[in-house]
Amino acid sequence: MIRLPHRCLVVLVGPSGSGKSHWAERAFRPDQVVSTDRLRALVGEGEHDQRASKDAFEVLDSVLERRLKRGLLTVVDSLALDAKQREKYRAIAARHGVPCIAIAFETAPEECRRRNRARPRPVPNAVIAQQLKTWQTAREHLDQEGFAAVHRGPDRAVVVPEGWEHTPASAARQKEAPVSLRFGLQLSRFAFDGGPAALADNLAAVARRAEEVGFTSFWVMDHFLQIPQVGREWEDMLESYTTLSFLAAHTTRATLGTLVTGVTYRNPGHLAKAVATLDVLSRGRAVCGIGAAWFEREHRAYGWDFPPVRERFELLEDTLQALPLFWGPGSPAFSGRHLNVAEATCYPRPLQDRIPILVGGSGERKTLRLVAQYADACNLFGGPENVRHKLAVLRDHCGAIGRDPGTIEVTHLSSATVVDAYDELDADARVRTNAGTVDDHVGRFRDLADAGVDHAIVNLPTVTDPAGIDRFAPIVAAFSTSR
């Protein structure tokens with residue numbers, strides 16, 4: 001099986017009759033395949049108008065530039081027997097930061113000739129002979145030409161989320177030399193069967209089952225309208241701290257937090273009280289997730305101020321300084337750039353000596369600096385390379401203030417859909433929901449663990465299906481081994 005990232009340039013290489021076009025039609029959507037034959041028909045008198053070849057290839061180059069600029073998976077269906085043309089494809093891909101992958105069609109020469117003879121307009125025998133000769137030279141040099149990968153076949157092709165091309169090898173590494181990784185469950189939608197009347201029972205059942213299979217944390221978004229990245233504005237959206245308290249009553253071990261509370265939504269004293277109450281009622285399991293807020297539509301709808309981003313970050317820093325005062329001894333005063341508190345009072349005190357604070361976002365200049373100065377955890381996104389880069393920035397911020405970066409828990413948020421077979425979802429849905437087999441997910445999370453992630457928080461699109469939690473359970477189990 002050929003595993004292709006969803007952002008790449010695929011170059012099909014082989015003589016006439018080797019099966020390139022037929023394979024591409026079965027493996028990709030028509031809009032993903034750019035055929036030089038079809039381009040000849042656009043700029044000439046038909047697909048076989050060789051006089052139009054020069055113009056067709058100029059159009060091809062222009063199409064590739066524009067598609068790759070948009071990050072679209074693109075397949076070049078042409079002979080690609082000319083080394084200079086292949087070099088041009090690699091250069092265009094490099095210019096747009098996407099891998100260029102060659103697929104070599106090693107069809108027997110006799111079969112190429114047979115297929116060619118069966119065509120309504122066969123390629124002349126002398127031309128086929130020259131193509132086969134050129135192909136023998138090309139196939140010997142493909143591996144040395146600088147392609148990101150060369151696949152020989154043809155074989156079945158599957159488009160996978162970016163960074164998943166080699167997850168089977170990473171899954172095998174986890175089996176041979178296992179590492180541990182904590183898993184958290186984010187609940188971002190509440191579209192359970194039965195609507196609001198059945199929501200309490202359904203939510204309790206999900207939480208209990210998730211804790212049973214090994215999830216160690218539960219997270220909800222702190223929003224009052226559903227956000228456009230997740231669903232429709234009029235979907236049911238539960239208030240976050242009320243929901244976390246409900247989850248506390250139906251679980252016993254998992255930590256509970258928002259991912260994340262917008263600093264503009266509540267007075268910091270009110271937020272401190274809500275989190276302390278959650279900690280007491282959950283018997284010491286609260287986590288305070290907080291960020292600078294971003295959803296302007298929500299602020300306007302509810303009448304909250306939405307100050308410029310600089311002021312929101314200043315208020316966030318004030319709040320990060322003030323929260324431990326509310327949760328600590330005495331009733332000290334606090335004065336910041338935007339926040340003034342006469343008495344930081346909060347009774348009952350939290351049961352934890354220090355409620356962990358997670359700062360959401362991964363901005364390198366402001367957010368990660370605040371993590372280094374005030375937080376117990378950060379939350380990152382993206383693949384292993386992005387995680388490594390962000391952690392290098394975080395280490396620099398920690399070094400500037402003399403903090404050990406090892407004291408900061410690294411969490412990572414992503415969607416995850418577990419499928420038994422790739423045919424369960426089309427390529428777009430696989431990419432959009434991070435869909436893959438159990439081994440795919442084990443490999444992906446092993447790569448993230450190796451990059452520095454301690455705690456993987458997943459959003460399961462199938463969480464409202466009772467089987468959704470159980471389908472993810474083998475992945476949690478694969479990382480239950482102690483380091």
Side-chain angles (χ1 to χ4, degrees), residues 7 71 97 161-164 181-186 188 217 219-223 227-230 240 255 257-265 287-296 306 308-321 323 356-401 403-416 431-432 434 444-459:
R7 293 178 65 253
E162 196 159 2
W164 288 38
L181 185 66
R182 294 178 61 205
F183 282 90
L185 178 64
Q186 186 202 40
S188 60
S217 64
W219 307 83
V220 296
M221 300 193 303
D222 188 27
H223 285 293
I227 62 176
Q229 299 93 319
V230 175
S240 58
T255 56
T258 57
L259 202 63
V260 289
T261 283
V263 72
T264 52
Y265 293 148
V287 177
C288 180
I290 192 167
W294 61 271
F295 195 12
E296 183 174 5
F306 189 69
V309 63
R310 178 183 59 80
E311 292 183 24
R312 299 202 306 275
F313 272 97
E314 290 173 351
L315 177 59
L316 175 59
E317 185 163 13
D318 283 355
T319 303
L320 290 169
Q321 293 172 347
L323 286 174
I357 295 176
L358 179 152
V359 171
S362 56
E364 297 178 12
R365 189 168 60 89
K366 293 181 179 180
T367 306
L368 292 180
R369 176 184 64 80
L370 294 177
V371 170
Q373 288 184 291
Y374 304 108
D376 303 282
C378 63
N379 185 244
L380 304 178
F381 306 88
E385 291 308 311
N386 185 65
V387 169
R388 288 189 179 92
H389 172 71
K390 297 297 183 180
L391 292 183
V393 173
L394 180 59
R395 284 193 294 272
D396 288 342
H397 285 304
C398 287
I401 61 173
R403 180 177 181 181
D404 177 7
T407 62
I408 299 172
E409 183 181 39
V410 179
T411 74
H412 180 277
L413 176 65
S414 67
S415 295
V431 171
R432 188 174 61 253
N434 272 340
R444 175 170 77 102
F445 287 113
R446 174 56 190 260
D447 289 341
L448 289 170
D450 288 345
V453 172
D454 305 303
H455 187 165
I457 303 170
V458 295
N459 184 311

>> So that I can tick it off, tell me whether Lys390 and Glu385 are bridged by a salt bridge, with the cut-off set at under 4.0 angstrom between side-chain N and carboxylate O.
In response: no
> For Val458 and Phe445, what are the C-alpha separation, side-chain angles and deciding distance, and is it a side chain to side chain contact (heavy atoms under 4.5 Å, CB included)?
Replying inline: CA-CA 11 Å; Val458 295; Phe445 287 113; 3.5 Å; yes
> Once you round to the nearest 0.5 Å, how far does CH2 of Trp219 lie from OG1 of Thr258?
Replying inline: 7.5 Å
> Side-chain contact, heavy-atom cut-off 4.5 Å: Leu185 with Ile457?
Replying inline: no
> Under the 3.5 angstrom rule, does the side chain of Asn459 hit a backbone N or O of Ser414 as a donor-acceptor pair?
Replying inline: no
>> Quick check: closest heavy atoms across Ser217 and His455, and the distance to 0.1 Å?
In response: OG-NE2, 2.8 Å
> Please walk me through it: do Ile401 and Arg369 pass side chain to side chain contact (heavy atoms under 4.5 Å, CB included)?
Replying inline: CA-CA 10 Å; Ile401 61 173; Arg369 176 184 64 80; over 6 Å; no
> So, for Gly382 and His412, which heavy atoms are closest and what is the spacing to 0.1 Å?
Replying inline: O-NE2, 2.7 Å
> Side chains of Thr411 and Arg182: donor-acceptor distance under 3.5 Å anywhere?
Replying inline: no
> Counting N and O atoms only, with roles assigned by atom type, does the side chain of Asp376 sit under 3.5 Å from a partner on the main chain of Ile357, one being a donor and the other an acceptor?
Replying inline: yes
>> Is the distance from the ring center of Phe306 to that of Phe295 below 6.0 Å?
In response: no
> Taking atom types as modelled, is there a side-chain donor on Gln373 or His397 under 3.5 Å from an acceptor on the other?
Replying inline: no
> Between Arg312 (side chain) and Ala293 (backbone), is there a donor-acceptor pair under 3.5 Å?
Replying inline: yes
>> Would you compute the distance between atom CG of Asn386 and atom OG of Ser362 and round it to the nearest 0.5 angstrom?
In response: 6.5 Å
